[in-house]
> 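Just dropping this structure here.
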Amino acid sequence: MKTLMQILVGMIVLFSILFVTAQIVINRPFFCEKITHALSEKLHRQVSLEGLSLSVFPSIGLHLKEFKILEKNKSDVFARLGDLQIRAKFFPLFKKQVIVNDIIIEEPEMNIVKESQGIFNFSDLVSSSPAPSTPSTPAKGILERSSSPRTVSVGKIHINNAKFSYKEVLPSGETQLFEIKGLDIHIDHFSLTDPVQVRAVSSSGKASLKGIGLSRYDLEKTLTGHAKLESKEGKILGKNITQEILSKMNQPILIKFLPGLAKLIQERDQVLPETRFTDFVVDLDIGNGKINLEKAGLTTADLSLRASGPIDFSFQANLGAHIVFSKELTEKMTQGQDLSNKLPYENGGLHIPVRITGPLSKPVIVPDLGVILSTLTKGELSDKIGGFLRGGKGKK
């Protein structure tokens, strides 16, 4: 009995010491300096960390404050975490279970750059290294006693006020920029076996998605949801959409019916490689292995572009769309002529059917000449019939 009491007292003292020592906060500059120095040498980039705290018992906790990785040999930010908090349960680890209560990430930032040579700003971090020698196959008993956890689950993942940017430098030196700011992503429950519900909201749109896994098979078979992205008063660098569309309209059939088109194309070759828009919207549904683009629109001072249709998970587009040019641009193309008997108009501007093809990262917008030719043919035929009827009436 005495021995049992001694064991109990010893265990209480041990757990008390463990509890006290495990709550010690590692936030001294010494530890941050050691960690950032090691990471800087490993990544060949400057790494900084303002604060770090860690606890082990009764729950595992990790807190990082203002963690930043700079571009290689530059002062620009490559990746950043404003604040990271992770809380996980301690005792389930003995049962090979990783149960994380929550992961909260504040103000994460990622800036991807593709240089004109096709090299990304993270290429040095994923450079190929010699393949490790193939280890001998372990015995069956060792495989059965693998240390891999049997269960991995996260109660919630909250990502708040995220920022992502993608910049591509073209061989011509022009720059294209895509940026998302103020993005909030909430995942209420995550595991390797259960459906994942993702809700995303940003200053420019929102999304709600649900599915299992991230492979293309998983996305096609299980991902469902709706997403909408909107933006007002912005610009797309490195691409002048009006100039690109006009250059694709440099076709004999269109030059014939639009007497001012050729001159307008020459004028537009001198414009800046950017597109300023007053309205941008993408509205899509995901389900049954398809992405259905319900509505996509872009409005600039020169034109209004609208598109819709299905997209597969290889993100290759083959969409029907139409463009309505502004009244000013229409008058320049037609040299003031009214061509409404040959081509459709909308709000005083020419209505041109187009097709959007190729990868969504670099879509190609071309006039749908088949539809245009059909419309023009009908217009000419209508003119001939009208002239014939008018002539016939005059003879009577």
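The shown structure was predicted, so the numbers you read here are calculated from the model rather than taken from an experiment.
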> To the nearest 0.5 Å, tell me how far Lys263 NZ sits from Lys332 NZ.
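Here the rounded value is 9.0 Å.
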
> What I'd like to find out is whether the side chain of Phe325 reaches to under 4.5 Å of the side chain of Leu246, using heavy atoms alone.
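Counting from C-beta outward, Phe325 and Leu246 do come under 4.5 Å.
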
> Compare every heavy atom of Phe67 with every heavy atom of Leu49, then report the nearest pair and how far apart it is.
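Shortest heavy-atom separation between Leu49 and Phe67 comes out as CD1-CB, 3.9 Å.
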
> Given the rule in the side-chain contact (heavy atoms from CB on, under 4.5 Å) test, do Thr357 and Asn318 qualify, once you have shown the distances and angles that lead to the verdict?
CA-CA 5 Å; Thr357 59; Asn318 187 13; 3.8 Å; yes

> Strictly distance-based, threshold 3.5 Å: is any side-chain N or O of Asn240 a donor or acceptor partner for the main-chain N or O of Glu274?
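Checking the backbone N and O of Glu274 against the side chain of Asn240, a donor-acceptor pair under 3.5 Å is found.
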
> Any side-chain heavy atom of Ile245 within less than 4.5 Å of one from Asp302?
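The answer is no, as the side chains (C-beta and beyond) never meet within the 4.5 Å cut-off.
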
> Parallel, tilted or perpendicular for Phe94 and Phe90, by the 30°/60° rule?
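Geometry flag for Phe90 against Phe94: perpendicular rings.
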
> Check the pair Thr330, Leu339 against side-chain contact (heavy atoms from CB on, under 4.5 Å), reporting the backbone distance first and the verdict last.
CA-CA 10 Å; Thr330 297; Leu339 301 180; over 6 Å; no

> Taking the side chain as everything from C-beta on, heavy atoms only, tell me whether Phe257 gets closer than 4.5 Å to Ile372.
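SC-SC contact between Phe257 and Ile372 ruled out.
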
> If we only count heavy atoms from C-beta on, is the Val113 to Phe78 side-chain gap below 4.5 Å?
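They are not in side-chain contact.
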
> Rounded at 0.5 Å granularity, tell me how far CG in Leu62 sits from CD1 in Ile86.
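The distance works out to 5.0 Å.
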
> Under a 3.5 Å cutoff, is there a donor and acceptor pairing between the side chains of Ser340 and Asp338?
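Note: Ser340 and Asp338 side chains meet the donor-acceptor criterion.
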
> Return the minimal non-hydrogen interatomic distance between Ser247 and Glu244, and the atom names on each side.
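Scanning both residues, the minimum pair turns out to be OG-O, 2.7 Å.
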
> Please report the C-alpha distance between Ile157 and Asp102 in whole Å, then the side-chain angles of each, then the deciding distance to 0.1 Å, and finally whether the side-chain contact (heavy atoms from CB on, under 4.5 Å) criterion is met.
CA-CA 6 Å; Ile157 302 175; Asp102 49 54; over 6 Å; no

> Between Lys163 and Glu107, does any NZ, NE, NH1 or NH2 come within less than 4.0 Å of an OD or OE carboxylate oxygen?
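No, this pair does not count.
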
> In the structure I gave you, are the side-chain heavy atoms of Leu350 and Thr334 within less than 4.5 Å of one another anywhere?
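Yes - at least one pair of side-chain heavy atoms lies under 4.5 Å apart.
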
> So how far is it from Ser48 OG to Ile69 CD1, rounded to the nearest 0.5 Å?
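Answer rounded to 0.5 Å: 9.0 Å.
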
> Could you measure the distance from the CG atom of Leu261 to the CG atom of Asn250? Nearest 0.5 Å is fine.
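It is 6.5 Å, given to the nearest 0.5 Å.
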
> Any donor-acceptor pair under 3.5 Å linking the side chain of Ser40 with the backbone of Val47?
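Answer holds: yes.
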
> If you take all heavy atoms of Asp124 and Leu43, which pair is closest and at what distance?
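Shortest heavy-atom separation between Asp124 and Leu43 comes out as OD2-O, 4.0 Å.
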
> Hey, are the side chains of Gln337 and Pro259 touching, using non-hydrogen atoms and a 4.5 Å cut-off?
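When only atoms from C-beta onward are counted, Pro259 and Gln337 do touch, with a gap below 4.5 Å.
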
> Atom CD of residue position Gln46 - does it have more than 12 heavy atoms of other residues, nucleotides or ligands inside 6.0 Å?
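Result for CD/Gln46: open.
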
> Rounded at 0.5 Å granularity, tell me how far CD1 in Ile104 sits from CD1 in Ile159.
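The CD1 atom of Ile104 sits 11.5 Å away from the CD1 atom of Ile159.
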
> Stepwise, does the side-chain contact (heavy atoms from CB on, under 4.5 Å) test hold for Leu264 with Leu329?
CA-CA 9 Å; Leu264 186 59; Leu329 221 58; 4.0 Å; yes

> Do the non-hydrogen side-chain atoms of Leu284 and Asn292 ever get within less than 4.5 Å of each other?
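No - every pair of side-chain heavy atoms lies 4.5 Å or more apart.
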
> If you count every heavy atom of other residues, nucleotides or ligands that lies below 6.0 Å from Lys248 atom NZ, does the total exceed 12?
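Counting neighbours around NZ of Lys248, more than 12 heavy atoms of other residues, nucleotides or ligands fall under 6.0 Å, so yes.
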
> If hydrophobic clusters are built from ILVMFWY residues whose side chains come within less than 4.5 Å, do Ile311 and Leu305 share one?
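Yes, same cluster.
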
> Answer yes if Ile352 and Val364 sit in the same cluster of Ile, Leu, Val, Met, Phe, Trp and Tyr residues linked by side chain heavy atoms under 4.5 Å apart, and no otherwise.
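Per the 4.5 Å side-chain linkage, Ile352 and Val364 are not co-clustered.
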
> Following the transitive rule for hydrophobic clusters with a side-chain heavy-atom cut-off under 4.5 Å over Ile, Leu, Val, Met, Phe, Trp and Tyr, establish whether Phe122 and Val169 coincide in one cluster.
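In one cluster: no.
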
> Testing the basics here: between Ala321 and Ile356, what is the closest heavy-atom pair and its distance to 0.1 Å?
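Between these two residues, the closest heavy atoms are CB-CD1, 4.0 Å.
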
> Taking atom types as modelled, is there a side-chain donor on Asp83 or His63 under 3.5 Å from an acceptor on the other?
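Result is yes, a qualifying pair exists.
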
> Give the cluster check for Met110 versus Ile187: same hydrophobic cluster or not, with ILVMFWY residues linked at side-chain heavy-atom distances below 4.5 Å.
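Same cluster: Met110 reaches Ile187 through Ile, Leu, Val, Met, Phe, Trp or Tyr contacts under 4.5 Å.
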
> Output the distance between atom CZ (Arg355) and atom CD1 (Ile365), rounded to the nearest 0.5 Å.
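So the CZ of Arg355 and the CD1 of Ile365 are separated by 12.5 Å.
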
> For the pair His351 and His322, name the ring-plane relationship: parallel under 30°, tilted 30 to 60°, perpendicular over 60°.
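Aromatic pair His351/His322 classed parallel.
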
> Quick one: does any side-chain atom of Ser304 pair with a main-chain N or O of Val324 as donor and acceptor, under 3.5 Å?
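Here the side-chain-to-backbone pair does not exist.
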
> Could you tell me which non-hydrogen atom of Gly358 sits nearest to which non-hydrogen atom of Gln316, and how far apart they are?
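Answer, listing the atom of Gly358 first, then Gln316: C-OE1, 3.5 Å.
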
> Do Thr299 and Phe277 have side chains that get closer than 4.5 Å, going by heavy atoms?
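A side-chain contact is absent here, since even the closest heavy-atom pair is not under 4.5 Å.
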
> With respect to Asn121, which candidate in Glu71, Lys114, Lys72 satisfies the side-chain hydrogen bond (donor to acceptor under 3.5 Å, both in side chains) definition?
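When side-chain hydrogen bond (donor to acceptor under 3.5 Å, both in side chains) is applied between Asn121 and each of Glu71, Lys114, Lys72, only Glu71 qualifies.
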
> Tell me whether Arg276 contacts the main-chain N or O of Thr300 through its side chain, where contact means a donor paired with an acceptor under 3.5 Å.
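No.
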
> For the hydrophobic clusters of this structure (ILVMFWY residues joined by side-chain heavy atoms under 4.5 Å, transitively), does one cluster hold both Leu70 and Ile112?
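Hydrophobic grouping puts Leu70 apart from Ile112.
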
> Compare every heavy atom of Gly348 with every heavy atom of Lys327, then report the nearest pair and how far apart it is.
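Smallest interatomic distance, heavy atoms only, reads CG-O, 3.6 Å.
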
> Give a yes or no answer on whether the side chain of Thr275 reaches the backbone of Ile241 with a donor-acceptor pair at less than 3.5 Å.
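It does hold such a pair.
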
> Is there a donor-acceptor contact under 3.5 Å from the side chain of Asn111 to the main chain of Val77?
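Indeed, once roles are kept as given, a pair shorter than 3.5 Å links the two residues.
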
